[in-house]
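Below is one structure, written out as structure tokens; the observations come after it.
Scope of the values below: all heavy atoms of this structure, side chains included, with no hydrogens, waters or symmetry mates.
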Amino acid sequence: MKASTQQNIKTLGITVFVLIVLNVLGSLFFHRFDLTKDKRYTLSETSLQIITQVKNPLSIKIYMQGDLPADFKRLQQETRQLLEEFQAYNRNIVFEFVNPLENGEDNMDVIKSLYQKGLTPINITVDDKGKQSQAMVFPWAIAVYNNKEVNIPLLKNIMGASTTQKVIGSIQHLEYSIADAINKISKDRQRKVAIIKGNGELNEVHIAKMLMQIRESYYIGPFTLDSVAKNPTGTLDALKKYDLAIISKPTQTFSDEEKQVLDQFIMNGGKTLWLIDQVAADMDSLYNQSGATLAYPRDLNLNDMFFKYGFRINPDLVKDERGSKLKLATGEQGSATQYQEFIWKFAPVVVPTSNNPIVKNLGEIKFDFASPIDTLKNGIKKTVLLQSSQYSKVVGTPTEINLNSVTEKTSPQDYINKGNIPLSVLLEGSFHSAFENRVLPFKESSFIAKGKPNKMIVIADGDLARNQLDKNMMPVELGYDQRTGNLYDNKDFMMNCINYLLDDTGLINIRSKDVSLPLLDREKVYNNYSLTQFITIGLPILILLVFGLAFTYIRKRKYSK
């Protein structure tokens, strides 16, 4: 056998051996490389932990296939790549993209069935070099696991944003949306949430959308304080079985016995979410012949508790130039009533500025007749989550609220050193009991004067978690304002508060992940369309043609000798 042949066989054998070794090592050690600058395809530790919960096949059906507008093709591509990451870490996760509008004549039946599941399509205007057309897109997915099903919203609604901006925001929240859905259907619920009743709190129909959202992740149940009068210790023992208590817009005074129950629940480590209206005022009372109502302080007998915990909700109202829009009748033209849009300054629209994960990357949040919060020095850590704009001020009560105030003229000088008023605060630390060194309303052998490390969130507006009702008295989406058609981020804010209080902070951190997406300048592309086409399509073909001619010429010249 020739030496050259032996050398070739030896080289081949070494190559085969190296390939086998590399394959064996590759099967033993798993790693994926993310070369993006912002590491947007690198799953967070929370997502990886959630994936490990999936022990059986979990299927995800994404309704974004077919001829999609350019922005949604980007969303489709990002969704596919992210799901491939999920699947790479757990082969039980399978997914498919389907076109809900591919059946032609049966399209309406498909759309109706998706509607019934809560998957609403969006109609968008597609602008292609000045030519506009309408397209219907279903930016949704459905995850199924162990006969449980959950919807996954892929498009985040951002008020006033273009389709491109909405897609960018949606891609930033994509990992959270998928991980949250997988967590909901694969994780056994453990935490318990009590909805406090008995002091004129909001009816269930008015917080139905929030309750439905909570129920997907936690156990939930109504808890009345009426039994405190007969059996206070038994009521306290029952409340201690819950992890979180939500007090949503009470309108009746709390007795000292009820306060002690809530206080000792907090001292024993129970989390609390307070949605408090310190002033009696609401929009419905304004829609009368005079268009006015009286706003007056509401006495809930909670001030001493709040003061001890380190905050105070003042019985005033916040008036903000950055208010929500309000349509009012301004006259008639012919037989039609004319409406004009005004800014309603008693309904502040807050854009979160804090980097706290509860509010980071959230959109606008709408308040109604909010009150200012003062924080007090007592060793408790306070974080302002939401505050009014710099062009806002405090209005004392009692005062008359009149719809005619929408026409008043103001200037920036009216708000010097008055704005940025706290409307929601997070408190963390070891709280002191409001009944420390006081005679107890009822005897309790296990009374605690200083509690365990704890946290609570205070929102100075009881209506922030309230959903409106449609004409059939059915609840609409939390944060949706039927008067203007705007959808605010109230629901996401409320769920972030609940998740944070229940120590489910991992999902919140995914939501606050920053993703940078470089985008083409469409105006420049349109202005240089022919040049762009030549660079992206013609130039590569030209280079190949030149290379082919040069290669042929050199080859002919070399072998013609």
List the steps, then state whether salt bridge (Lys or Arg N to Asp or Glu O under 4.0 Å) holds for E364 with R322. CA-CA 11 Å; E364 296 178 339; R322 188 181 175 85; 2.7 Å; yes
Within the 4.5 Å heavy-atom criterion, are H206 and L469 side-chain neighbours or not? yes
Is the side chain of K325 donor-acceptor paired with the backbone N or O of R483 at a distance under 3.5 Å, no angle test? no
Heavy-atom donor-acceptor pair, K455 side chain to Y500 backbone, under 3.5 Å: yes
D461 side chain to A370 backbone, donor-acceptor under 3.5 Å: no
The criterion is side-chain hydrogen bond (donor to acceptor under 3.5 Å, both in side chains); which residues satisfy it with S424, sequence neighbours excluded? none
Could you tell me if D492 and Y176 have a donor-acceptor pair between their side chains, going purely by distance under 3.5 Å? no
Show the nearest heavy-atom pair for residues W274 and M456, with the distance to one decimal. NE1-SD, 3.7 Å
For V384, is there any backbone N or O sitting under 3.5 Å from a side-chain donor or acceptor partner on Q387? no
P352 and L386 have their tightest heavy-atom pair at CG-CD2, 3.9 Å
Can you check side chain to side chain contact (heavy atoms under 4.5 Å, CB included) on M267 and F447, steps first, answer last? CA-CA 9 Å; M267 294 305 109; F447 177 81; over 6 Å; no
Side-chain touch L317/V394, heavy atoms, less than 4.5 angstrom: no
Look only at the side chain of D414 and the backbone of T410, and say whether a donor-acceptor pair between them is shorter than 3.5 Å. no
Checking N454 side chain against F431 main chain: does a donor-acceptor pair fall under 3.5 Å? no
Take a 6.0 Å sphere around CG of N147 and say whether it holds more than 12 heavy atoms from other residues, nucleotides or ligands. no
Which residue pairs satisfy the salt bridge (charged side-chain N to carboxylate O under 4.0 Å, His left out) criterion with at least one member in residues 428-454, sequence neighbours excluded? D304-R438, K308-E436
Close side-chain approach of I214 and M495, heavy atoms under 4.5 Å: yes
Show me the donor-acceptor pairs within less than 3.5 Å that the side chains of residues 396-403 make with the rest of the protein, sequence neighbours left out.
{"from": "T397", "atom 1": "OG1", "to": "P315", "atom 2": "O", "distance (Å)": "2.4"}
{"from": "N402", "atom 1": "OD1", "to": "N404", "atom 2": "N", "distance (Å)": "2.9"}
{"from": "N402", "atom 1": "OD1", "to": "N404", "atom 2": "ND2", "distance (Å)": "3.3"}

Donor-acceptor pair, distance only, cut-off 3.5 Å: does the side chain of T235 make one with the backbone of N231? yes
Mind running side chain to side chain contact (heavy atoms under 4.5 Å, CB included) on K192 and Y218 for me, showing each step along the way? CA-CA 6 Å; K192 296 181 180 180; Y218 308 105; over 6 Å; no
Worked check of ring pair (Phe, Tyr, Trp, His ring centres under 6.0 Å) between F342 and W344: CA-CA 6 Å; F342 298 94; W344 182 239; over 10 Å; no
A side-chain contact here means heavy atoms from C-beta on lying under 4.5 Å apart; do L502 and V193 qualify? yes
Could you tell me which residues satisfy ring pair (Phe, Tyr, Trp, His ring centres under 6.0 Å) with F367, sequence neighbours excluded, listed by chain and number? none
In terms of side-chain heavy atoms, does S371 have a donor or acceptor partner in Q278 at a distance below 3.5 Å? no
Output yes when K184 and E149 qualify as a salt bridge under the 4.0 Å nitrogen-oxygen rule, no when they do not. no
Quick check for you: to the nearest 0.5 Å, what is the distance between T293 atom OG1 and D282 atom CG? 7.0 Å
Backbone N or O of A179 within a donor-acceptor pair of the N183 side chain at under 3.5 Å? no
Once side-chain hydrogen bond (donor to acceptor under 3.5 Å, both in side chains) is applied, do any residues pair with R215, and if so which ones, sequence neighbours excluded? none
May I ask you to say whether K366 pairs ionically with D368, meaning some side-chain N is under 4.0 Å from a carboxylate O? yes
Side-chain donor/acceptor of N288 to backbone N/O of A292, under 3.5 Å: yes
Contact summary for Y309 and I380, nearest pair of heavy atoms: O-CG1, 3.8 Å
Going by atom types only, do S389 and E321 share a side-chain donor-acceptor pair under 3.5 Å? no
For residues N420 and Y415, is any side-chain donor paired with an opposing acceptor at under 3.5 Å? no
For the CG atom of D489 and the CG atom of N361, what is their distance to the nearest 0.5 Å? 10.5 Å
Can you give me the closest heavy-atom contact between V279 and A295, atom names plus distance? CG1-CB, 3.9 Å
May I ask you to say whether K249 pairs ionically with D277, meaning some side-chain N is under 4.0 Å from a carboxylate O? yes
Taking only Lys NZ, Arg NE, NH1 and NH2, and the carboxylate oxygens of Asp or Glu, determine whether D243 and R191 approach each other closer than 4.0 Å. yes
Do K230 and E257 meet the salt-bridge criterion of a basic N to acidic O distance under 4.0 Å? no
Is it the case that atom CD in E204 sees more than 12 heavy atoms from other parts of the structure closer than 6.0 Å? no
Determine whether L273 and I498 make a side-chain contact, defined as any pair of heavy atoms from C-beta on separated by less than 4.5 Å. yes
Heavy-atom side-chain proximity of P121 to V137 below 4.5 angstrom: no
I'd like to know whether NZ of K241 has more than 12 heavy-atom contacts from other residues, nucleotides or ligands below 6.0 angstrom. no
Set of residues satisfying ring pair (Phe, Tyr, Trp, His ring centres under 6.0 Å) with respect to Y242, sequence neighbours excluded: F223
Residues D263, S433; criterion side chain to side chain donor-acceptor pair (under 3.5 Å); working and verdict: CA-CA 6 Å; D263 176 83; S433 170; 2.6 Å; yes
Smallest separation among heavy atoms of E201 and P250, with atom names: OE2-CB, 3.8 Å
I want to check something: taking the side chain as every heavy atom from C-beta on, are F306 and I313 in contact at a cut-off of under 4.5 Å? yes
With side chain to side chain donor-acceptor pair (under 3.5 Å) as the criterion, how do N199 and E258 come out once you've worked through the C-alpha distance, each side chain's angles and the decisive distance to 0.1 Å? CA-CA 10 Å; N199 292 84; E258 291 172 337; 3.2 Å; yes
Can you check whether I152 reaches I142 side chain to side chain, under 4.5 Å on heavy atoms? no
Please check this pair: side chain of N203 against backbone of V205, looking for a donor-acceptor N/O pair closer than 3.5 Å. no
Regarding E477 and N467, is there a side-chain donor-to-acceptor distance under 3.5 Å anywhere? no
Do you know which two heavy atoms are closest between I343 and G323, and how far apart they sit? CG2-N, 3.7 Å
